[in-house]
Asks: 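One structure is given below, represented as structure tokens, and several questions about it will come after.
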There are 2 protein chains.
Amino acid sequence: MVAGVEFWFEFASTYSYLAAARIEALARSRDVAVAWRPFLLGPIFSAQGWTTSPFNIYEAKGRNMWRDMERLAQLYGLPFAKPSVFPQNGLKAARLALALPDGPRRAAFVKAVYAANFAHDEPIAEDAVLDGILHGLGEDVAALHAVAATPEIKDALRTNTATAIAKGVFGAPAVICADGELFWGNDRLEHALDWAARLDQGESSA
Amino acid sequence: MVAGVEFWFEFASTYSYLAAARIEALARSRDVAVAWRPFLLGPIFSAQGWTTSPFNIYEAKGRNMWRDMERLAQLYGLPFAKPSVFPQNGLKAARLALALPDGPRRAAFVKAVYAANFAHDEPIAEDAVLDGILHGLGEDVAALHAVAATPEIKDALRTNTATAIAKGVFGAPAVICADGELFWGNDRLEHALDWAARLDQGESSA
């Protein structure tokens, strides 16, 4: 049996960009399947009294994060450009991600939105940018927008955020293994996938 | 020429424990020298409006940190026990660290205090614990306490904290390379030392 992890991400999250770009290859090499789970950090941050990203609230922490992103992107060989607006509103993108079936089509869209935000400095809240991405991926733009606007998808995103909180998610990205073990951050991606792969071996030999 | 880094740490910091335990071997293998720089997070946190550790303020974040510490300690083969009091007051320990010359004696003391806090759950603010550590290391307990209580050492610790802030430190541990490049967290230890070692090569071949 193939092990599985849930990859919880928010489009405004810088380190989620790095993790989204890296997770497929790392998971494949460990025979781990990835479920792509968009959620919103806004309600989580609001509950902590934050009206914006903590990277904007705490200046030295924010300065370090941008420099760290530059260094890590270079290390990973990923394109990166500090966006002129941060954080960007990822609500529409998250609904569109949920309108796509989980799997390669959703993953491709998610990675393209992250690249738009953090490599090409494009406004991912705008239809023109999202439509361009969908079109480039060969998706039916009008049909997906229609699905993304349904109450079912809006509810699904609210439910995802509530589920994330219930599972202990407090930041993005987070990886949750089949046993409920939570790993926070791009820094824990390898650790989380190693954990998931070991779980699977335990199950197989039991 | 041997490259050098400054290792900035606070005794109450959980991830500083892991970094303090790991930095010497990682630095040695890269021919990088380590300067041990105690400072206090209290003034930094106060300036952000925090009266305790953010791991206590933000519950889900704190819960994840303790679990992460368990998992990382196991990965590194380090002993770990969640302390019954967190954070502990590291003021006296920091002054004693500064009373010892930077080098192996200070490093040994620092590592022993961290082990007392995060492996043996001992109250590191108490003289009995600190004296036991110093005695075990063959240090002159009374003489060191006398030095640690001088205005010079008290000033040195205040200056260290001010210097850390001026250099962009906002949390512990932090590693600062000779070019001023700052790396935050136990997670960046290898990256920081790789950076320092490359700097050194650049200088040698210039």
Side-chain angles (χ1 to χ4, degrees), chain A residues 8 15 18 41 43-50 54-76 161 164-177 179-196 198-199, chain B residues 8 15 18 41 43-50 54-76 161 164-177 179-196 198-199:
Chain A
W8 291 87
Y15 289 107
L18 301 180
L41 274 175
I44 296 176
F45 285 178
S46 290
Q48 298 180 348
W50 299 336
F55 293 122
N56 288 344
I57 298 172
Y58 305 110
E59 196 210 333
K61 192 183 177 80
R63 208 179 322 124
N64 174 73
M65 180 277 287
W66 291 115
R67 180 63 183 140
D68 192 46
M69 283 292 297
E70 281 178 3
R71 290 187 310 229
L72 289 180
Q74 190 173 15
L75 211 61
Y76 298 143
T161 300
I165 294 170
K167 290 188 175 195
V169 173
F170 57 94
V175 173
I176 302 182
C177 299
D179 62 348
E181 196 76 23
L182 181 147
F183 294 82
W184 173 50
N186 171 67
D187 288 331
R188 291 294 173 278
L189 205 47
E190 287 85 348
H191 199 169
L193 294 168
D194 285 344
W195 188 280
R198 267 201 311 273
L199 271 188
Chain B
W8 291 88
Y15 289 108
L18 302 180
L41 274 175
I44 296 175
F45 285 178
S46 291
Q48 298 180 347
W50 299 337
F55 293 124
N56 289 343
I57 298 172
Y58 305 109
E59 199 211 330
K61 191 183 176 81
R63 207 179 322 125
N64 174 74
M65 181 276 287
W66 292 115
R67 181 61 183 141
D68 192 46
M69 283 292 297
E70 282 178 2
R71 288 186 310 228
L72 289 180
Q74 190 173 15
L75 209 62
Y76 298 143
T161 300
I165 294 170
K167 290 187 175 196
V169 173
F170 57 93
V175 173
I176 302 181
C177 300
D179 61 348
E181 195 77 22
L182 182 148
F183 294 82
W184 173 51
N186 169 67
D187 288 331
R188 291 294 174 278
L189 205 46
E190 288 85 347
H191 199 169
L193 295 167
D194 286 344
W195 188 280
R198 265 202 310 271
L199 272 187

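Note that these values count all heavy atoms, side chains included, but never hydrogens, waters or copies made by symmetry. Note on naming: letters A, B, ... go to the chains in the order of the sequence lines (proteins, then strands), and numbering restarts at 1 for each one.
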Asks: Are there residues of residues 184-194 of chain B that reach to under 4.5 Å of chain A by heavy atoms, and which ones?
Replies: B:Trp184, B:Asp187, B:Arg188, B:His191
Asks: Where does B:Ile57 contact chain A at under 4.5 Å (heavy atoms): side chain, backbone, both or neither?
Replies: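 For B:Ile57, neither part sits under 4.5 Å from chain A.
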Asks: In sequence, state the C-alpha distance, the side-chain angles, and the governing distance for B:Gln48 and A:Lys61, and then conclude on side chain to side chain contact (heavy atoms under 4.5 Å, CB included).
Replies: CA-CA 11 Å; B:Gln48 298 180 347; A:Lys61 192 183 177 80; 5.8 Å; no
Asks: Test of understanding: with ring-ring contact (aromatic ring centres under 6.0 Å, His included), list the residues that count as partners of B:Tyr58, not counting sequence neighbours.
Replies: A:Trp50
Asks: Ignoring hydrogens, what is the shortest heavy-atom contact between A:Ala60 and B:Gly168? Give both atom names and the distance.
Replies: CB-O, 4.0 Å
Asks: Which one, A:Ile44, A:Leu75, A:Leu72, leads in non-hydrogen pairs under 4.5 Å with chain B?
Replies: A:Leu72
Asks: Please look at A:Ile165 and chain B and tell me whether the side chain, the backbone, both or neither of the residue comes under 4.5 angstrom of a heavy atom of that chain.
Replies: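 The answer is neither part of A:Ile165.
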Asks: So, using side-chain hydrogen bond (donor to acceptor under 3.5 Å, both in side chains) as the criterion, who are the partners of A:Gln74 when residues are at least two apart?
Replies: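 Counting only residues at least two positions away or on another chain, A:Gln74 forms no side-chain hydrogen bond (donor to acceptor under 3.5 Å, both in side chains).
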Asks: Sequence neighbours left out, what passes salt bridge (Lys or Arg N to Asp or Glu O under 4.0 Å) with B:Arg63? Give chain and number order.
Replies: B:Glu59
Asks: Within 45 degrees of the ring normal and closer than 6.0 Å to the centroid, is that where the cationic atom of A:Arg67 sits relative to B:Phe183?
Replies: no
